[in-house]
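What follows is a single structure, written as structure tokens, with notes after it.
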Amino acid sequence: MRLFFTQFRRDLLVAVRSRSDAANPLAFFVLATVLLGLGAGAELAPGVIWVLALFANVLAVEGVFRRDDDDGTLEQLLIHAQPLFPAVMGKLAAHWALSGLPVAVLSPVAAIMLTGSTTGVGVLVLTLCIGTPALTLLGAIGSALTVATGRGGLLVAVLVLPFYVPVLIFGASASTAAMLGDPVAFQLLALAALLAASLTAAPFAVGKALAISQEY
Amino acid sequence: MRLFFTQFRRDLLVAVRSRSDAANPLAFFVLATVLLGLGAGAELAPGVIWVLALFANVLAVEGVFRRDDDDGTLEQLLIHAQPLFPAVMGKLAAHWALSGLPVAVLSPVAAIMLTGSTTGVGVLVLTLCIGTPALTLLGAIGSALTVATGRGGLLVAVLVLPFYVPVLIFGASASTAAMLGDPVAFQLLALAALLAASLTAAPFAVGKALAISQEY
Amino acid sequence: MGWIKTTFHKTGSPRWFFTGARPWVVGLYVFGALLIVVGSTWGLGFVPPERLQGNSVRILFIHAPAAHLAEAIYVSIAIAGFVFLVWRMKMADMLIQAAAPIGFVVTVLALATGIIWGIPTWGTGWVWDARTVSTLLLAFLFFGLVALRQAIGREDRASRAVALLALVGVINIPIIKYSVEWFTTLHQPPSIVIGEKPAIAPVFLIPLAVNVVGFYCFVAGVVIAALRARIAEREAGTQWLRDWMSKS
Amino acid sequence: MEDDLLVAENIRCAVGDRVLFDELSLSLQPGELVEIRGPNGSGKSTLLRCLVGLHEPDAGEIHRTVDSLYVGHRSGICGRLTPIENLRWLAGIAGSNADDVSIRAALGHVGLGDARHDVCDSLSAGQQRRLTLARLLVSPAPLWILDEPLTALDDDGRDLVGDLLTRHRTTGGAAVCATHQALPTVPAGTHALTLGS
Amino acid sequence: MEDDLLVAENIRCAVGDRVLFDELSLSLQPGELVEIRGPNGSGKSTLLRCLVGLHEPDAGEIHRTVDSLYVGHRSGICGRLTPIENLRWLAGIAGSNADDVSIRAALGHVGLGDARHDVCDSLSAGQQRRLTLARLLVSPAPLWILDEPLTALDDDGRDLVGDLLTRHRTTGGAAVCATHQALPTVPAGTHALTLGS
Ligand code: HEM
Ligand SMILES: Nc1ncnc2c1ncn2[C@@H]1O[C@H](COP(=O)(O)OP(=O)(O)OP(=O)(O)O)[C@@H](O)[C@H]1O
Ligand SMILES: Nc1ncnc2c1ncn2[C@@H]1O[C@H](COP(=O)(O)OP(=O)(O)OP(=O)(O)O)[C@@H](O)[C@H]1O
Ligand SMILES: [Mg+2]
Ligand SMILES: [Mg+2]
């Protein structure tokens, strides 16, 4: 737990220091909403909001280890953090708190702007709260795998797309169903199961990928 | 011209060396099409494709100067390239050739996937060919302004959003109009005017911003 | 012409401004607050409910002044950006720094009141039309100015980058304005046309005008106060500031 | 031996076809210092990264019995944070219980007392290197692995490194150090290992 | 004087409240070398960045009459490209007409003949620094501004820098050099300038 909190606190601090960075996933979400609203105009399905939240998440997560690798703090983390697992979790938790969480909180506004309706907004927020941490965890695997390439960027998005799809499907279909007044229990359960699975598997995959990234 | 081509060739080479990076804007475009198709399901307006092209472009352009700043090659460029203007243009041309152009070329496929129709696809490609270089130029201003922050990322997107919107509006409305069989000459003219304006103004703003970025 | 030069130089001097502007802050606060109280009490308490919109119309008295003011603030910032880039006048930079967050807040206020108003009248909080979109973009322009400065950190470098952005942003304003307006005419017109000036009855217009002037004065006071705070921060440790502190 | 802090047995690293070193064995006892020397590109950094566990040798084995601190070519400093915050984080993940007082003392010791609240991005090259030295003070570990610790340091900084090493070794620590410049003080128990010649 | 390659008059730089240097004047004639010394954080790099035009001094003026080459703390090397490609690009933007033969010769001269087709990311720290030296050979300029050119170099590399400087000066060039280590050869016409003491 000490490792978790040390890392969590540090990453929040770094984000706060670069204040606008912290607001960025959220800003992207707002921006994407605006652009889609402008470009597409007509009323859109609530699933689109899920897609936007997913973009905001993956675009933020792709760089989660990059700066640390560049300045060598990742090296230090790998050497010192024993076990690595809680430190990675701390890092990802801080990351989610600044990307997934605010997007989930603000999603009602986007929903109203794009779909022009407030029905099912509660379910939308709920699915985002369950789904985005899973996305962060899965995205972190891709991010860690591409650290060594010194790039990442959209490559991460491409790598982890297959992992995102299930999350997206259940999240989007729950939101759509809720808007139509259909039951959503099954999708929510599926999302929760996906979250549980990624919580158990992802940190280890990330740790392994990070260790590999330092070799040449 | 020598400066232009030296820089153009170098940047293409760097992109080819990092192969997946070069394919990335395109990959993002495809991926976003897939995700939107999955998440939103129903048939979407052609404006959505313009929005996706815009995202692919801005996400690529945000880092166009960052690596050069990190490794100090930007420093060298500022010292040696006299005048700076053609070198900046060479850089942006290489960048567009790998982000805007392939997306424009591939957009018919996305249009068919998302809208289920082929009407007006020619106009869509044409608007993208005129509009995406303008986006690259405008995005480069934001990118240059944020070089000094060592971050960029979504901050760039937020900074230049107001600049993108006019391009998006004319591009999307032309594509929509073409799909409905309406005349599009006015929008195309407006797009061309925006491109001309950004071609004249952007390189100087970029040069100025880059010079500022090296001070502290 | 001499006096123009003198005024320019004086306004350009943080010291002159800092010491000279204090009475203005108080005056603008008091005068602005007074007008806002009068206008709002009038508007909220004594204006009859509107025929179509009922009591929800009362939000107009905050919404319209805020929207007007936001635009005015951006124009002043852009001018300051130009002045800073050309003459390197520190005061212009400090003005941008002081006014940008205030502009952002005012724009958000206009947006928020618009959304709140839209829910009962339009049946939705948001429509995609020229006014709403250009207001939203204005908010982004303000946000960008604040975010960029924060992101750069180092003062001199940030100042010039932000001034450049403010200047490039102003070229953009007419482009936004036109394109966004064409955009609505290219699409079908919005289902409800926002009330335009002639359509407003005098009962609404007078308290509205009072409130607009009140907002302008009050926010001018806020901006000047913020500017003085910046000056105090930047000039901390200079002899004149210490003298002034000990005097007052 | 029993009290070996680190043992490397017959390790081998190659890049492509080129073998950097092979059959290299090394052991470190308290108080020892191994100086790794060799021309540019001979594999010094690679060896150190093997010793600290960041890189896996192509053959051979490495046994580490104690914690180690590593200062590499990359600084391991987050440029957005201040020196204090950087050290606090490091102490946290390394599980040392350095409090703010000892962190401040360490910063004073390496000459960053005045700069302790500046963000590290605004420190000069040498000041950043000095911060990497402060790491050696806040989370004590018996084994130091230093890659060109004298880089960017002024004369005073060079003496500082000498002092640190001497003190470390007299208190039972050991160090491996890759360097091109002669280290300031070379007491008994210093071995040199030359690569690629 | 007429043939000054660079004149700096009364320049001043400050970070926040701290003045790094003030009323600093400097002029360089062909054959001269100015060595800038001073403790870490005293403003050496800042001064060099002013001289080459990357940083604007807070006061004073700098007149540059000739082209200059700058080697800073950051390498100016793109890690994705090979040494040859990097030099080719530099020659292109600097407007020198170095062809591939002279680029190859320059690489051989700095000891990177074998590594000329590796991407620079896979070069060791010292090999990367050697590549920055090769820049000095491919795009000749009368004025060199070098920030700690000895960093990460082995003994052979240090001699190389000495040779390069001597040759440059005898052919009418001049250099400003910030360094913590003594430069290998110090012929006549070398001035030292010490900051922040
Ligand atoms: C988020 C939604 C809204 C935004 C962004 C917005 C924006 C604006 C702006 C920018 C102005 C100033 C126009 C100018 O300078 O001439 C304005 C004025 C005004 N708005 Fe809104 N508005 C919104 C919603 C509404 C709604 C829902 C109504 C009422 C149905 C409304 C009624 C008015 C009126 C009556 C004025 C004053 C007209 C004038 O002074 O010219 N607005 N609004
Ligand atoms: N990017 C920057 N932003 C803000 N301040 C900086 C920056 N770079 C350097 N400084 C400040 O300027 C001062 C001088 O830095 P400079 O890099 O010129 O020192 P230096 O003499 O080259 O030191 P070193 O020997 O460590 O390389 C430092 O104290 C540092 O605090
Ligand atoms: N990231 C990498 N990828 C591939 N090869 C590498 C990498 N880093 C180093 N090498 C190769 O390994 C060899 C040894 O590099 P190393 O960094 O260990 O040398 P070094 O002895 O530390 O040199 P220096 O004195 O220049 O620091 C080099 O020749 C280089 O080509
Ligand atoms: Mg090395
Ligand atoms: Mg320096």
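Please read all numbers here as calculations on a predicted model, not as lab measurements. Each chain gets a letter, A, B and so on, in the order its sequence line appears, and its residues count up from 1.
When heavy atoms are compared at a cutoff of 4.5 Å, D:Glu56 approaches chain A by way of both its backbone and its side chain. For D:Ser96, the part lying under 4.5 angstrom from a heavy atom of chain A is the backbone only. Proximity to chain D (any heavy atom under 4.5 Å) is restricted, for A:Leu3, to the side chain, taken from C-beta onward.
In this structure a side-chain-to-backbone donor-acceptor pair under 3.5 Å is present from D:Arg49 to A:Gln214.
In this structure, A:Phe8 places its CZ atom where more than 12 heavy-atom neighbours from other residues, nucleotides or ligands lie under 6.0 Å away. The number of heavy atoms from other shown groups lying within 6.0 Å of CG (D:Asp99) is above 12.
Interface with chain A: from residues 134-157 of chain D, residues D:Arg135 qualify, criterion being any non-hydrogen pair under 4.5 Å. Among the residues in residues 57-77 of chain D, those with a non-hydrogen atom closer than 4.5 angstrom to a non-hydrogen atom of chain A are D:Ser68, D:Leu69, D:Tyr70, D:Arg74, D:Ser75, D:Gly76, D:Ile77.
Distance check: A:Thr6 OG1 to D:Ile93 CD1 gives 8.5 Å after rounding to the nearest 0.5 Å.
Partner of D:Trp89 under the side chain to side chain contact (heavy atoms under 4.5 Å, CB included) criterion, chosen from A:Leu13, A:Asp11, A:Val14, A:Thr73: A:Thr73.
In terms of non-hydrogen atom pairs under 4.5 Å with chain A, the most contact-rich of D:Leu90, D:Asn86, D:Thr46 is D:Thr46.
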